[in-house]
Amino acid sequence: MDIASRLGRRRFLKFCAVTASLLALPPGAARLLAEGLRAGRRLPVIWLSFQACTGCTESLTRSAAPSMESLLFEWLSLDYHHTLQAASGEAAEAAREATLRAHAGELLLVVDGSVPTALAGACSTIAGEDNLSLLRRCVEAAQAVLAVGTCAAFGGLPAAAPNPTGALGVGEMMERGLVPRRPLVNLPGCPPIPEVMSAALAHRVVFGGFPPLDDNGRPLAFYGETVHERCSRRGHFEAGRFAKTFDDDGARTGWCLLELGCKGPLTRNACSSVRWNGVGNPVESGHPCLGCAEPGFWDRGGFYQALAPAALPVADKKATTVERGARVYDSQCVYCHDADPAQLRALPEQVPELLRSDRIRAHRFPLEEDDLRALVDYLKEKR
Amino acid sequence: MKPLLAWVGLVAVTGLAGAASPNVFSVHDLDRDGTLSRAEYEALRAHCAERRGERCKAALLPFATLDADQDGRIDEAELLDALGHRHRGGRGW
Ligand code: SF4
């Protein structure tokens with residue numbers, strides 16, 4: 001029975017469509033994904049966990065339906081994962097060694113956690129072997145490496161100053177020549193978003209490579225924008241409404257959390273667009289973004305310390321009223337109206353009254369007064 | 001120029017289509033059935049990139065986010081919910 005039959009055809013096709021859309025693949029890619037995954041080539045995988053909290057594995061196994069881990073197990077041959085596998089002790093180690101021998105050069109290595117390099121590796125060992133030695137042997141046999149979570153990608157919490165264990169991420173170890181170089185994709189996040197993991201894996205299985213990456217080795221489709229760019233509190237940021245404490249009226253109403261330490265403007269991750277299990281993200285739950293998907297995030301000042309104004313994107317500081325109106329048009333109006341605002345039938349000065357009148361079905365959510373004024377200014381300029 | 005031409009072409013074609021649904025809410029609903037299909041949404045994105053630049057295209061929510069019930073179409077309620085949620089600026093507590 002193939003993967004589509006086991007999962008149910010509708011669920012499977014929906015997964016392929018959503019994954020293709022998340023990866024911003026061209027039209028027709030969903031069909032290619034479906035065909036590729038159906039073809040049944042199960043990729044041998046070894047998953048190593050080093051200095052980590054197991055949050056990455058938890059994130060993967062706690063994802064919503066269609067359950068990501070069930071999909072993964074269908075198209076991967078997960079031959080070693082010391083948290084999830086049934087075997088333990090010597091049998092588990094033997095399974096890993098057998099896979100290393102049988103699939104040398106073709107297996108995919110997934111790593112979570114950072115690797116201690118100080119004190120001759122004594123800080124963490126598995127079955128008597130230090131983490132660096134184990135990683136080196138597994139990378140040697142791997143075709144490619146997926147560094148899952150911020151610890152594996154950039155060192156994460158274990159690498160925070162003073163970094164007593166000499167913890168490093170996989171990429172830096174390759175750069176320093178501590179392990180062989182292999183194609184590497186980083187999926188940082190503490191923990192990473194399950195859909196990001198499954199999409200990168202699906203891409204690898206079907207197309208044999210990784211999607212386009214940024215300078216930090218992260219897939220652009222998920223890490224190309226900051227959390228701030230699509231944040232649900234962005235309207236309040238633009239309007240200058242900031243919560244000052246966690247229990248003031250602003251916080252209760254959902255205002256921007258910048259002054260409570262939000263690192264969203266500097267953090268590239270898909271939390272705002274691919275929400276956790278489709279439900280929400282930290283910022284939507286009332287907590288500032290910690291910046292967990294960025295290198296060195298533990299050492300970048302206090303979590304609740306506001307970003308210095310100089311660190312904010314320049315465009316935000318310079319936004320004039322007309323620019324703000326253009327953004328309102330970009331983010332709200334274009335869904336229903338022509339992209340060219342000159343095509344609107346209503347005169348700019350009629351717009352506020354029309355929007356407030358509740359007569360137009362699709363305008364049953366109120367625009368803030370400042371946004372409305374900015375929109376009118378923008379529409380006037382475009383006439 | 002190609003996306004724009006394709007968009008204009010689609011508009012011209014749909015001008016000949018049959019009666020529109022009373023639920024039509026967007027000029028980008030080219031077949032006037034009251035929903036935005038994936039193809040119509042892609043045309044909208046291309047049109048926005050062409051006429052308003054990449055910033056506008058980037059500001060558009062992904063199809064998968066708007067299509068809350070994942071039936072392959074965005075209806076008015078789904079769009080309003082997503083925009084209203086974004087505009088209200090989070091939920092507060
Ligand atoms: S600063 Fe933070 S809370 Fe405010 S809009 Fe940006 S990401 Fe959202």
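Values below: every heavy atom of this structure, side chains too, minus hydrogens, waters and symmetry copies.
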Colleague: Just wondering, do B/Arg52 and A/Pro341 contact through their side chains at under 4.5 Å, heavy atoms?
Modeller: yes
Colleague: Pick one of side chain, backbone, both or neither for B/Ile74, based on which atoms fall under 4.5 Å of a heavy atom in chain A.
Modeller: neither
Colleague: I'd like to check the side chain to side chain contact (heavy atoms under 4.5 Å, CB included) partners of A/Asp249; sequence neighbours left out, ordered by chain and number.
Modeller: A/Arg252
Colleague: I'd like to check A/Cys336 versus B/Leu79 (side-chain heavy atoms, cut-off strictly below 4.5 Å). Are they in contact?
Modeller: yes
Colleague: Can you measure from CG (A/Asp340) to SG (B/Cys48) and round to the nearest 0.5 angstrom?
Modeller: 11.0 Å
Colleague: Has B/His28 got a side-chain atom pairing as donor or acceptor with A/Val334's backbone, closer than 3.5 angstrom?
Modeller: yes
Colleague: Would you please name every residue forming a salt bridge (Lys or Arg N to Asp or Glu O under 4.0 Å) with A/Lys244, sequence neighbours left out?
Modeller: A/Glu259
Colleague: Under 4.5 Å between any side-chain heavy atoms of B/Leu60 and A/Tyr335, yes or no?
Modeller: yes
